[in-house]
J.: 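Pasting in a structure now, in structure tokens, and then I'll have a few things to ask.
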Amino acid sequence: MPMDLDEVPWKNDSFSRIFSRTTVTNATASTTSNKYVVAHHMVGNTFPYTSQNWLNDIILAHASGIDGFALNMGSDSWQPARVADAYAAAQNSSLNFKMFLSLDMSVLPCTSNDDAASLRSLVSTYLSHPNQLLYSRKSSTQLPLVSTFAGESCQFGQSSVAEGWSTQFAQHPELKGKITFVPSFFVAPAQMSEFHDIVDGTFNWNGGWPVKLTTDSTGSSATSLSSSLKGLLGVSTTTNPIGSLSDLLGNSNSEASSSLEDALSGFIGSSDSDSQFINALSANSTSDNVYIAAVSPWFFTHFGQNSFNKNFLYLADQHLYSKRWESLISAQAPLGDDADPTNTTSAQPIAPQVDIVELITWNDYGESHYLGPIEGALPAGSEAWTDGMNHTGWLSLTSYYATAFKTGSYPNISSSEERLVMWARTHPASANATSDDIGPVLGSELVLDAIWAITLLSEPANVTLEIIPSSNSSSTTPLASQTFSVPAGISKLTIPISVPDSLDSVSMQGAVERGGDVVMKLDAGSQGFTFVAQPQTFNYNAWVGCVGGGCVV
């Protein structure tokens, strides 16, 4: 997300610990290319970064199974220097960590020939850099990968978008035959045919979330439920006010939640949009086009009209991060009895056609889908929903899925790599904020009041999830508790969360037990998590915690 940054004080806080893991050799995805996992890194949030900050990010990402960063570069005058620092840090890391440019065409100018010349110059700077990611399907020679965020309206002074990107960029003599161009154009899959012989593939940015649940891909419509979801729910009205799903479904609150959860489960982690883009590309060539699939754990943004004017969320319940990963992996996840009743996992036919998974994102705090530590310069105002909301627990799941994606087999979990990851929002979905100037969040009628948990275990265990009084209560007796018998491997667990009338807030905890001994315990309350009945401002970001030797921080 583009922004203007003021200079901010900066403290170089290094992360506390990085777990060690065996380096995984990439499995062959085709005769000419390997599978990679990269993370989208917002250069616009790195104003105060030093070389050490870049190195810290690279070491942590590499330890988490990530092969490189897609550097989202905008229009700020200082950003080229940060990009140079990123490439230099990758080279100095000795980790064979890769970089490539993701040109942010939502802010970079693209109306003239000179604008295109500036982009070509920027791209050319790194074509021969030893840490530039090389990738190709159309050529036996691996070429430098270049991507975009948006760009579907750029003409560069030409008569059409296609002509602009062709004559002024991809097919311009300075770049022709020298790059693999895989943009993220926000167009319908069928429109990709307009860019035949211009692009070498596509990056499906919106594939990371079930965006079809809202009326448009930006989630900014006043009528936030899509017609397809209304049809699935049997809702015939043309509008759907926030908070009225129970009435529309004609059920009690609990029955409405169950019906809603069942209806939404088919959208979570779906690869439908991937298939549409892959099929559209295959109409031109069966195997030549690179496909980059998006994986994201979350999406929430709450900027007012005097800022970025973005106030919506995409549904991320029901273990979106895991299920999205599983839809892109050829192997069957080694699941036992799963406590998430909506869970479905199967090998997807598109998995062999996915070349690169791009994680959205490493550090986009404004949209709440960051996996890395909270550092750098946050977009002004986003600290309201990011302070105290660490997400590196999700990063702790990444190496498991990245290994499966790259090798075709899910790894075994050793006793030293076990982990329990838990997350939840910090107030009920239907809460009324007492002091929020921006207003209710579009899409919030879709989300559930629940704790979500994932275990990665070396052997079976009993896992107990509990709702407990928050730290300001004199009682320590659990308010709700459920114990699950889980197998080795990965399990997805969930229980509801609510605040009783006698309390203002609650917290949560989880424990893993074997043979009567607690081997892991996550006390979210001691780490600052509370779930309040009545918030002052809306916050649909997630608090994420992790316990166990497999946690990365």
Side-chain angles (χ1 to χ4, degrees), residues 1-4 40 42-44 70-76 79 100-123 145-172 174-176 179-209 211-212 214-221 273 276-277 280-281 284 289-292 294 299 301 303 305 307-310 312 314 358 360-361 364 366-367 379:
M1 180 186 62
M3 75 197 79
D4 293 319
H40 199 81
M42 303 295 293
V43 178
L71 298 173
N72 179 293
M73 182 174 176
S75 57
D76 295 306
Q79 290 198 32
F100 66 97
L101 292 177
S102 177
L103 304 170
D104 194 335
M105 304 314 300
S106 70
V107 292
L108 287 167
C110 58
T111 59
S112 70
N113 295 347
D114 289 343
D115 294 335
S118 296
L119 293 184
R120 295 195 305 270
S121 176
L122 173 63
V123 168
L145 180 65
V146 178
S147 188
T148 73
F149 177 84
E152 65 280 353
S153 300
C154 293
Q155 294 187 208
F156 299 110
Q158 308 305 301
S159 61
S160 69
V161 173
E163 183 182 359
W165 280 111
S166 177
T167 64
Q168 301 303 304
F169 192 77
Q171 302 302 321
H172 189 278
E174 293 177 10
L175 295 180
K176 183 178 181 180
I179 65 171
T180 296
F181 184 40
V182 186
S184 177
F185 290 162
F186 290 90
V187 298
Q191 288 181 257
M192 289 305 299
S193 62
E194 300 174 13
F195 302 99
H196 178 54
D197 291 334
I198 301 172
V199 304
D200 301 299
T202 191
F203 170 30
N204 179 17
W205 177 276
N206 274 342
W209 314 273
V211 298
K212 65 167 60 177
T214 54
T215 51
D216 57 43
S217 63
T218 65
S220 59
S221 171
S273 68
Q276 292 171 20
F277 275 101
L281 291 170
N284 296 325
N289 289 284
V290 176
Y291 187 72
I292 303 178
F299 192 114
T301 184
F303 291 108
Q305 294 182 3
S307 180
F308 297 108
N309 195 24
K310 297 167 59 177
F312 62 95
Y314 291 144
E358 186 160 332
I360 305 176
T361 58
D364 193 337
E367 294 180 351

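Because the structure is predicted, anything quoted here is derived from the model rather than measured. Note that these values count all heavy atoms, side chains included, but never hydrogens, waters or copies made by symmetry.
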J.: Going from CH2 on W165 to CZ on F156, what distance comes out if it is rounded to the nearest 0.5 angstrom?
T.: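 Here the interatomic distance stands at 4.0 Å.
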J.: Under 3.5 Å, side chain of D200 to main-chain N/O of F181, donor-acceptor pair present?
T.: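 Checked: pair present.
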J.: To the nearest 0.5 Å, what is the distance between CH2 (W205) and OG1 (T361)?
T.: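 W205 atom CH2 to T361 atom OG1 measures 6.5 Å (nearest 0.5 Å).
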J.: At what distance, to the nearest 0.5 angstrom, does CE of M192 lie from CD of E152?
T.: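 Answer for the CE-CD pair, M192 versus E152, is 10.5 Å.
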J.: For the pair Q79 (side chain) and G74 (backbone), establish whether a donor and an acceptor sit closer than 3.5 Å, ignoring hydrogens and angles.
T.: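 Such a contact is found between Q79 side chain and G74 backbone.
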J.: Can any side-chain N or O of S102 pair as donor or acceptor with the backbone N or O of L71 at less than 3.5 Å?
T.: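 Pair absent, no side-chain N/O of S102 close to backbone of L71.
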J.: So which heavy atom on P379 is nearest to which on F308, and how close?
T.: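 That closest heavy-atom pairing would be CB-CE1, 4.3 Å.
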J.: What heavy-atom pair brings L281 and V290 nearest, and what distance separates the two atoms?
T.: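 So the two residues come closest at CD1-O, 4.4 Å.
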J.: So which heavy atom on M73 is nearest to which on L108, and how close?
T.: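 Looking at all heavy atoms of both residues, the closest pair is O-CD1, 3.5 Å.
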J.: Can a donor-acceptor pair be found, under 3.5 Å and without considering hydrogens, that links the side chain of R120 to the backbone of Q168?
T.: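 Such a contact is found between R120 side chain and Q168 backbone.
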J.: In Å, rounded to the nearest 0.5 Å, how long is the span from OG1 of T180 to CG of L145?
T.: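 Those atoms lie 6.5 Å apart.
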J.: Taking atom types as modelled, find out whether E163 and S159 have a side-chain donor-acceptor pair closer than 3.5 angstrom.
T.: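 E163 vs S159: donor-acceptor pair found between side chains.
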J.: Check L103 against V146 and note the closest heavy-atom contact, atom names and distance.
T.: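 Here L103 and V146 meet closest at CD1-CG1, 4.2 Å.
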J.: Minimum heavy-atom separation for C110 to M105, with atom names?
T.: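 Closest heavy-atom pair between C110 and M105: CB-CE, 3.7 Å.
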J.: Give the intermediate values and the outcome of side-chain contact (heavy atoms from CB on, under 4.5 Å) for residues L101 and L122.
T.: CA-CA 9 Å; L101 292 177; L122 173 63; 3.8 Å; yes
J.: Under 3.5 Å, is there a donor-acceptor pair between the side chain of T148 and the main chain of G151?
T.: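 Such a contact is absent between T148 side chain and G151 backbone.
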J.: Would you give the length of the straight line joining atom NZ of K176 to atom CZ of F169, rounded to the nearest 0.5 angstrom?
T.: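 Here the interatomic distance stands at 15.0 Å.
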J.: Going by atom types only, do S273 and N204 share a side-chain donor-acceptor pair under 3.5 Å?
T.: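 Result is yes, a qualifying pair exists.
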J.: When you compare the side chain of I179 with that of V123, does any pair of heavy atoms fall below 4.5 Å?
T.: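 Contact flag for V123/I179 side chains = yes.
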J.: Could you check whether any side-chain heavy atom of F299 comes within less than 4.5 Å of a side-chain heavy atom of V211, counting everything from C-beta outward?
T.: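 F299 does not reach V211 side chain to side chain.
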J.: Indicate the ring-plane relationship of H40 and F149, choosing parallel, tilted or perpendicular according to the 30° and 60° boundaries.
T.: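 Because their plane-to-plane angle lies in the 30° to 60° range, the rings of H40 and F149 count as tilted.
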J.: Among residues at least two apart in sequence or on other chains, which ones pass side chain to side chain contact (heavy atoms under 4.5 Å, CB included) with Q155?
T.: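 Checked Q155 against side chain to side chain contact (heavy atoms under 4.5 Å, CB included); matches are V161.
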J.: Scan the side chains in residues 183-190 for donor-acceptor partners under 3.5 Å anywhere in the protein, sequence neighbours excluded, and list what turns up.
T.:
{"unit_1": "S184", "atom_1": "OG", "unit_2": "F203", "atom_2": "O", "d": "3.2"}

J.: If you round to the nearest 0.5 Å, how far is NE2 of H172 from OG of S166?
T.: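 So the gap between those two atoms works out to 11.0 Å.
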J.: Of all residues at least two apart in sequence or in a different chain, which pass the side chain to side chain contact (heavy atoms under 4.5 Å, CB included) check with S112?
T.: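 Side chain to side chain contact (heavy atoms under 4.5 Å, CB included) list for S112, sorted by chain: D114, D115.
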J.: Within a reach of under 6.0 Å around CD of Q191, are more than 12 heavy atoms found that belong to other residues, nucleotides or ligands?
T.: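 Yes, because the 6.0 Å sphere around CD of Q191 holds more than 12 heavy atoms from other groups.
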J.: Is the closest side-chain donor-acceptor distance between Q158 and N113 under 3.5 Å?
T.: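 Indeed, the side chains of Q158 and N113 share at least one donor-acceptor pair under 3.5 Å.
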J.: Which heavy atom in S147 sits nearest to a heavy atom in F100, and how many Å separate them?
T.: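 It is CB-CE1, 3.8 Å.
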